[in-house]
Protein chains: 2
Amino acid sequence: MAKKQSKKKCDNSPVKLKADPMAEELAKLAWAIAHPARVQIVRLLIGRDACMCGEIVDCLPLAQSTVSQHLKILKESGLIQGEVDGPKVCYCVNPERLEQLKQWVAAL
Amino acid sequence: MAKKQSKKKCDNSPVKLKADPMAEELAKLAWAIAHPARVQIVRLLIGRDACMCGEIVDCLPLAQSTVSQHLKILKESGLIQGEVDGPKVCYCVNPERLEQLKQWVAAL
DNA sequence: AGATTCAATCGTTGATCGCCGATAAACGTT
DNA sequence: AACGTTTATCGGCGATCAACGATTGAATCT
């Protein structure tokens with residue numbers, strides 16, 4: 001039987017969805033804020049423009065090493081950046097990257 | 001010296017940042033799209049309004065069971081919903097939830 | 001130099017993810 | 001009732017996450 005045409009792919013493209021670089025980038029950014037602690041860190045930094053690492057630790061019910069891990073993840077995503085200020089480290093958001101996240105989500 | 005008052009907590013609240021329900025909710029939504037495959041699924045559903053599960057499977061280079069897992073995660077986040085249509089299941093985005101994600105991210 | 005402070009890193013542990021094949025469950029069809 | 005189709009779930013595997021304490025590294029202050 002002619003039967004199952006239901007085997008048609010989406011869109012009529014014969015191949016799989018190509019590895020979408022934008023999907024990967026968005027996923028990476030979303031992953032950065034896919035944890036309550038990281039959301040709070042980002043919002044804290046946005047609200048204060050800049051913040052010492054120690055203050056962030058004091059604001060969260062987590063160990064210093066754990067917070068440092070989250071900061072590292074956020075830094076790797078590009079959402080935040082930290083510059084050394086003497087013995088301390090001052091963190092702040094990367095506005096462009098944050099804007100990129102906002103636009104990509106808005107464009108969904 | 002009067003010394004550095006830098007020992008001050010954030011905001012001047014003596015306690016830790018309270019468990020922020022909004023942060024958890026946003027993290028949950030972000031987590032839903034924190035994987036390239038799930039981003040592609042969401043975009044696919046947005047672009048087509050609705051899509052059978054089988055079609056989604058055909059669009060991704062993943063096993064059927066894996067796609068089903070991703071769909072389950074997306075469903076649990078509320079971003080998509082699926083209604084049974086005979087032996088098949090028709091998935092579609094939940095516009096309100098998607099809008100919520102957009103607004104929360106935009107409000108960052 | 002020595003002591004102190006601050007932050008990053010290391011090493012460990014338990015939980016979860018992401019993937020798969022295989023199996024089960026739901027439904028329509030013959 | 002038996003079959004085929006479609007989707008969800010189960011079990012297993014390796015990899016990664018999230019958390020912590022302890023240690024190290026860098027910079028400042030006595």
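As a basis for the values below, the full set of heavy atoms in this structure was taken, side chains included, without hydrogen atoms, waters or symmetry mates. A note on names: the letters A, B, ... follow the listed sequences, proteins ahead of strands, and every chain is numbered from 1.
The nearest heavy atom of DNA chain D to A:A63 and to A:V84 marks one nucleotide each, and the one closer to the 5' end goes with A:A63. Both B:G86 and A:Q69 sit near DNA chain C, but only A:Q69 has its closest nucleotide nearer the 5' end. Along DNA chain D, the nucleotide closest to A:S65 and the one closest to A:P87 are compared, and the more 5′ of them pairs with A:S65.
Spacing between atom CD of A:E55 and atom P of C:dT5 amounts to 17 Å, rounded to whole angstrom units. Distance B:E76 CD to D:dA8 P: 12 Å, rounded to the nearest Å. A straight line from CG of B:L71 to P of D:dT7 spans 10 Å, rounded to a whole angstrom. The nearest whole Å value for the distance from the CD1 atom in A:I80 to the C1' atom in C:dA7 is 13 Å. For the pair A:E24 CD and C:dG18 P, the interatomic distance rounds to 13 Å; values are reported in whole Å. To the nearest angstrom, P of C:dA8 lies 9 Å from CD1 of A:I56. Between A:M52 atom CE and D:dA26 atom P the separation is 20 Å, expressed in whole Å. Rounded to whole Å, the distance from NZ on B:K72 to P on C:dA25 is 15 Å.
Distance from the side chain of A:L62 is smallest to D:dC20 among C:dA8, C:dC19, D:dC20. Of the candidate nucleotides C:dG18, C:dT9, D:dT5, C:dG18 has the atom lying nearest to any side-chain atom of B:I73. For A:R38, whose side chain is taken as the heavy atoms from C-beta onward, the closest listed nucleotide among C:dA8, D:dA18, C:dT9 is D:dA18. Here D:dT7 is the nucleotide among D:dT7, C:dT9, C:dG18 with the atom lying nearest to any side-chain atom of B:Q64. Side chain of B:K88, nearest nucleotide from D:dT6, C:dC20, C:dA8: D:dT6.
To the nearest 0.5 angstrom, A:L98 atom CG is 8.5 Å from A:N94 atom CG. A:L101 CG to A:L29 CG: the interatomic distance, rounded to the nearest 0.5 Å, is 5.0 Å.
Between A:H70 and D:dC17 there is no side-chain N or O to OP1 or OP2 distance below 4.0 Å. Listed pair B:Y91 / D:dA8 meets the phosphate criterion, a side-chain N or O lying under 4.0 Å from OP1 or OP2. The shortest distance between the side-chain N/O atoms of A:H35 and the OP1/OP2 oxygens of D:dA19 is below 4.0 Å.
Salt bridge B:K28/B:E76: absent, no basic N to carboxylate O contact under 4.0 Å. Taking a cutoff of 4.0 Å between a charged side-chain nitrogen and a carboxylate oxygen, A:E25 and A:R97 qualify as a salt bridge.
Screening B:V89, B:V57, B:D85, B:D58 for a side chain to side chain contact (heavy atoms under 4.5 Å, CB included) with B:M52, the sole residue that qualifies is B:D85.
Judged by atom type and distance alone, B:T66 does not reach the base of C:dG18 through any side-chain donor-acceptor pair under 3.5 Å.
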